[in-house]
Amino acid sequence: MADIFLLDSNVFITPYRNYYPFDFAPKYWQQLVATFQLDNVKVLDVVFQEVTKYEDELSDWIKNQSNLNPLSTKTLSILTNYGKVLSYLQNCGLYKDDALRNWAQKDIADPWLIAVAMELNATIITEETPVGSALSTKNPSKNAKLPDVAKHFGIRCEKLFYFMRQMQFTL
């Protein structure tokens, strides 16, 4: 069975803003759209909401993708996993209360991505960079990073270029 990939918001936002604008790299966006039809590529409802909240060209583009059916996070098992993620942030000693407050906001996709990845045994595709060994209980961080928290739960995070190679994108 093919790996299941969960796409983070920054897989859309970062390329759009920084290196694959629609007019410069339409092929990137065409190939990304094609992955929406695959059973192993998922976009969560909260990721969709994060991308559409900016009300820009990217927001319009994603709203117009008829073959994109965002995956609902409203299941008991995903809600249970979500609680585990927030509990970890609260109790591990690596993060300040600010990190928990930020991740506990209903429109923040990061904890939901981990919760769904736990459920589906999926790989998260994100442009976020881990803090890694700099995390310490002696100096807790006020910002939780998706790859660091995912690692605690045994969830793999990969960068966009990894995904593009797996999907055999050509530019």
Side-chain angles (χ1 to χ4, degrees), residues 1-16 32 35-54 58-59 62-63 65 67-137 140-164 166-167:
M1 182 177 155
D3 287 343
I4 297 173
F5 299 109
L6 301 178
L7 304 183
D8 190 5
S9 307
N10 59 31
V11 169
F12 302 97
I13 298 167
T14 301
Y16 167 71
L32 187 59
T35 69
F36 297 161
Q37 297 175 10
L38 303 174
D39 290 337
N40 66 323
V41 177
K42 311 285 184 195
V43 176
L44 303 184
D45 51 6
V46 290
V47 167
F48 182 84
Q49 291 165 6
E50 275 189 359
V51 174
T52 57
K53 75 180 177 186
Y54 295 104
L58 176 62
S59 174
I62 201 165
K63 287 176 189 174
Q65 300 312 310
N67 59 345
L68 176 61
N69 186 19
L71 180 68
S72 175
T73 53
K74 312 285 188 288
T75 69
L76 182 57
S77 56
I78 291 171
L79 288 168
T80 299
N81 289 343
Y82 176 80
K84 290 176 185 176
V85 172
L86 294 184
S87 179
Y88 169 73
L89 279 181
Q90 183 176 23
N91 298 314
C92 71
L94 298 172
Y95 301 102
K96 294 181 179 179
D97 289 342
D98 290 347
L100 176 62
R101 273 194 293 278
N102 182 41
W103 273 37
Q105 295 176 57
K106 67 178 180 161
D107 59 344
I108 299 297
D110 292 0
W112 293 106
L113 284 161
I114 296 169
V116 173
M118 291 165 65
E119 177 74 12
L120 301 178
N121 193 26
T123 298
I124 298 170
I125 305 300
T126 184
E127 287 297 281
E128 199 164 304
T129 302
V131 173
S133 61
L135 280 174
S136 165
T137 54
S141 176
K142 65 179 182 176
N143 295 309
K145 295 294 183 182
L146 176 59
D148 294 315
V149 179
K151 183 177 180 181
H152 169 78
F153 289 97
I155 302 301
R156 195 166 129 207
C157 288
E158 294 289 348
K159 296 286 190 178
L160 176 59
F161 289 154
Y162 171 86
F163 175 75
M164 291 170 68
Q166 295 303 306
M167 297 292 118

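Sequential numbering from 1 along the given sequence is applied to the chain's residues.
- A 4.5 Å side-chain heavy-atom check between Ile114 and Trp103 finds at least one atom pair inside the cut-off.
- Counting only heavy atoms from C-beta outward, the side chains of Tyr82 and Thr73 never approach each other to under 4.5 Å.
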Would you check, one step at a time, whether the test side chain to side chain contact (heavy atoms under 4.5 Å, CB included) holds for Met167 with Leu32? CA-CA 9 Å; Met167 297 292 118; Leu32 187 59; over 6 Å; no
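- With rounding to the nearest 0.5 Å, the separation of CG in Asn10 from CG in Leu146 is 8.0 Å.
- Evaluation of the side chain to side chain donor-acceptor pair (under 3.5 Å) rule for Thr14 yields no partner, not counting sequence neighbours.
- Taking both residues in full, the closest heavy atoms of Ser141 and Leu135 are given as CB-CD2, 4.1 Å, listed atom of the first, atom of the second, then distance.
- Shown here is Lys151, whose NZ atom has no more than 12 heavy atoms of other residues, nucleotides or ligands within 6.0 Å.
- Using a distance-only test at 3.5 Å, with no hydrogens or angles considered, a donor-acceptor pair links the side chain of Asn40 to the main chain of Asp3.
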Please walk me through it: do Phe5 and Leu38 pass side chain to side chain contact (heavy atoms under 4.5 Å, CB included)? CA-CA 10 Å; Phe5 299 109; Leu38 303 174; over 6 Å; no
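- At a threshold of 4.5 Å between non-hydrogen side-chain atoms, the residues Trp112 and Leu79 count as touching.
- Side chain of Asp148 to backbone of Gly132: a donor-acceptor contact under 3.5 angstrom is found.
- Lys106 NZ: 12 or fewer foreign heavy atoms inside a 6.0 Å radius.
- Of all non-hydrogen atoms in Ile78 and Ala115, the two that sit nearest each other are O-CB, 3.6 Å.
- Counting only heavy atoms from C-beta outward, the side chains of Leu7 and Phe163 approach each other to under 4.5 Å.
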Side chain to side chain contact (heavy atoms under 4.5 Å, CB included) evaluation trace for Leu94 with His152: CA-CA 12 Å; Leu94 298 172; His152 169 78; over 6 Å; no
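- Across all non-hydrogen atoms, the minimal contact from Leu160 to Glu127 is N-OE2, 2.8 Å.
- Checked options Val46, Thr52, Val47, Leu113; the residue passing with Ser9 is Val47 (criterion: side-chain contact (heavy atoms from CB on, under 4.5 Å)).
- In this view, Asp110 satisfies the side chain to side chain donor-acceptor pair (under 3.5 Å) rule with no residue, not counting sequence neighbours.
- Counting only heavy atoms from C-beta outward, the side chains of Gln166 and Glu158 never approach each other to under 4.5 Å.
- Within 6.0 Å of the CG atom in Asp98, the count of heavy atoms belonging to other residues, nucleotides or ligands exceeds 12.
- The 12-atom threshold is exceeded at CG of Asn67, counting heavy atoms of other residues, nucleotides or ligands nearer than 6.0 Å.
- Residues Phe48 and Val43 share a closest heavy-atom pair of N-CG1, 4.3 Å.
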Could you please spell out the steps behind the side chain to side chain contact (heavy atoms under 4.5 Å, CB included) verdict for Asn81 and Phe153? CA-CA 10 Å; Asn81 289 343; Phe153 289 97; over 6 Å; no
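- In plain terms, the two heavy atoms of Cys92 and Thr137 that are nearest each other are O-CG2, 4.0 Å.
- Proximity of a side-chain donor or acceptor of Lys142 to a complementary backbone N or O of Ala99 within less than 3.5 Å is not detected.
- Between Lys145 and Thr129, every side-chain heavy-atom pair lies at or beyond the 4.5 Å cut-off.
- Under a 3.5 Å cut-off, the side chain of Lys96 and the backbone N or O of Gly93 do not form any donor-acceptor pair.
- Using a 4.5 Å heavy-atom cutoff, the side chains of Tyr95 and Leu100 are not in contact.
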